[in-house]
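Before any comments, here is the structure.
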Amino acid sequence: MSVLIVGSTALDSIKTPTQENPKLLGGSASHAAVAASFFGPVKMVGVVGEDFPKKYVQLYKKHDIDLAGLQIKPGKTFHWSGEYEVNMNNRRTLLTELGVFETFSPELPKAYQSSPFVLLANIAPALQEHVLNQMQRPKFVVADTMDLWLNIALPDLIKLIKRVDGFVLNDSEAQQLTGEDNIFTALKKIHKIGPKYVIIKKGSHGSILSSPKGFFICPAYPLQSVVDPTGAGDSFVGGMMGYLASAKGSIDANIRRAMIHGSVVASFCCEGFGLNRTTKVTLAHVKQRVKELKQWTRF
Ligand code: AMP
C-alpha cells in the first residue's frame, strides 16, 4: 500500500563545527519520503520554486517518489539554515526564508486522496489539516510537528492532534505541550488529547511508543560519529510509515518493527550531510542494521 507524505520541500544550508554545506536537498517531506521509499510506494505533496535544482527532482525520481503532488511555483524554494554546536545535538536556526511556502495550499491529485497511510510531516498544522480534509477514509494517519508550531499555532495544532491516529514529537516538545518533565506523564496527557499512538523521540537515545498494546522502548542505532543529524526525526517517522504501509497485518502487530526500521534509516541520515548518505544506501544495508539492532537488544 502507498503512503502519502506532506511536509516541507526545502533547500537546507547546514553548518557544523567542522563543515558547511549550502543549499542541500532538505525539508521534512524530502527526508520522510526518501526514508519511506525503501519499503514501498510514496506519494509526496509539497511546493518548490523555479530555482529548485533539476538534480534534486531526479533524486526524488530515483527513489520512485510520485511527484504529481509537488507544485512548482514562480518564486524561491523554502530555504532553511541551521548551525550545530560541538555536541551535534543543540541546533539553532540561522535563517528561514519561506519563499513559495508563504502562499502554499496543498491540493491533492485525485489519485492521492485514497492513500491508506498518511504522514503529515512537519509544516504548519493548518496545512496538515487541509491535507487531512481532502483524504477519503485513510487507514492510519500520523502527524509530526516542531517547537515553532507549539509557539505560534498551538490552537491549530491541538485541533489537528485530536483527529490523527498517531502523533510524533520530541521530548522537549512533549514537555512544552504538557508542562510535564516526566515522559510517561506527558504521554498520558497527550493520549487525553486524542491520538491512540504517541511516540516521543529522544534523539540519539531512541524513542518511546505508547499505544493500546502498551509501551515500546525503541533504541537508536549506535553511531560513533554523527556528520549531520538534520532530518533524522523525519527519516525516522518516514521509515516507520513506509514500513507500516508495506507490511501485512495490523498496526499493532507491526508498529514496533516499523519503528526499528525508521530508527535504522535515521542512523544513515546522520552519517552524511542532508540526504547525501541516505540516498546512497540500499534496503540490504537497512536490513543488516536491523539485524544488528535485534542482536544488541534481545535478552
Ligand atoms: P529535523 O532535523 O528532523 O528537525 O528536520 C529538519 C528539517 O526541517 C530540515 O530539512 C528543514 O528544511 C525543515 N524545517 C526547518 N524549519 C521548518 C519549518 N518552519 N517548517 C517546515 N520545515 C522546516
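Each ligand, and each atom within it, is numbered from 1 in the order the structure gives.
Listed by chain and residue number, nothing satisfies the salt bridge (charged side-chain N to carboxylate O under 4.0 Å, His left out) test with Glu107 (two or more places apart in sequence, or in another chain). Partners of Arg137 by salt bridge (charged side-chain N to carboxylate O under 4.0 Å, His left out), not counting sequence neighbours: none found.
Under a 4.0 Å criterion applied to the non-hydrogen atoms of Gly26, ligand 1 contributes the atoms 10 (O). Proximity to Gly233 (heavy-atom distance under 4.0 Å) selects the following atoms of ligand 1: 3 (O). Close approach of ligand 1 to Ser8 (heavy-atom distance below 4.0 Å) involves ligand atoms 13 (C), 21 (C), 22 (N), 23 (C). Ligand 1 places these atoms under 4.0 Å from at least one heavy atom of Trp80: 11 (C), 12 (O), 15 (C), 16 (N). Those atoms of ligand 1 that come under 4.0 Å of a heavy atom in Asp234, given as number and element, are 1 (P), 3 (O), 5 (O), 6 (C), 7 (C). Short contacts between ligand 1 and Ala10, defined as distances under 4.0 Å to a heavy atom of the residue, involve ligand atoms 12 (O). Less than 4.0 angstrom separates some heavy atom of Gly27 from each of these atoms of ligand 1: 9 (C), 10 (O), 12 (O).
When non-hydrogen atoms are compared, ligand 1 lies under 4.0 Å from the backbone of Asn122 as well as from its side chain. By the criterion of a heavy-atom distance under 4.0 Å, the side chain of Arg91, and not its backbone, is placed next to ligand 1. Contacts of Leu148 with ligand 1, taken as heavy-atom pairs under 4.0 Å, involve the side chain alone.
Taking 4.0 Å as the cut-off, Phe101 does not count as a neighbour of ligand 1 on heavy-atom distance.
Formation of a donor-acceptor pair under 3.5 Å by the Asp171 side chain with backbone atoms of Ile183 is not found in this model. Although no hydrogens or angles enter the test, the distance criterion places no donor-acceptor pair under 3.5 Å between the side chain of Tyr60 and the main chain of Asp66. Under a 3.5 Å cut-off, the side chain of His261 and the backbone N or O of Ala258 do not form any donor-acceptor pair. Distance alone, capped at 3.5 Å, is enough to place a donor-acceptor pair between the Gln128 side chain and the Asp144 backbone.
A donor atom on one side chain and an acceptor atom on the other are found under 3.5 Å apart for Ser13 and His79. Side-chain contact, Ser28 with Asp234: no donor N or O sits under 3.5 Å from an acceptor N or O. Checked by atom type, the side-chain pair Glu271/Asn276 shows no donor-acceptor distance below 3.5 Å.
Looking at Asp12 next to ligand 1, an N or O pair under 3.5 Å apart turns up. Residue contacts with ligand 1: Thr230 is placed with no nitrogen or oxygen under 3.5 Å of a nitrogen or oxygen of the ligand (distance criterion only). At least one N/O-N/O distance between Gly231 and ligand 1 falls below 3.5 Å.
In terms of protein heavy atoms, atom 14 (N) of ligand 1 is closest to Phe78 CE2, 4.1 Å. Closest to atom 20 (N) of ligand 1 among all protein heavy atoms lies Trp149 CZ2, 3.8 Å. Remark: minimum distance from atom 18 (C) of ligand 1 to any protein heavy atom is reached at Met146 SD, 3.6 Å.
Between Lys189 and Glu180 there is a salt bridge, since a side-chain N of the basic residue sits under 4.0 Å from a carboxylate O of the acidic one. Using a 4.0 Å cut-off between charged nitrogen and carboxylate oxygen, Lys159 and Glu129 count as a salt-bridge pair.
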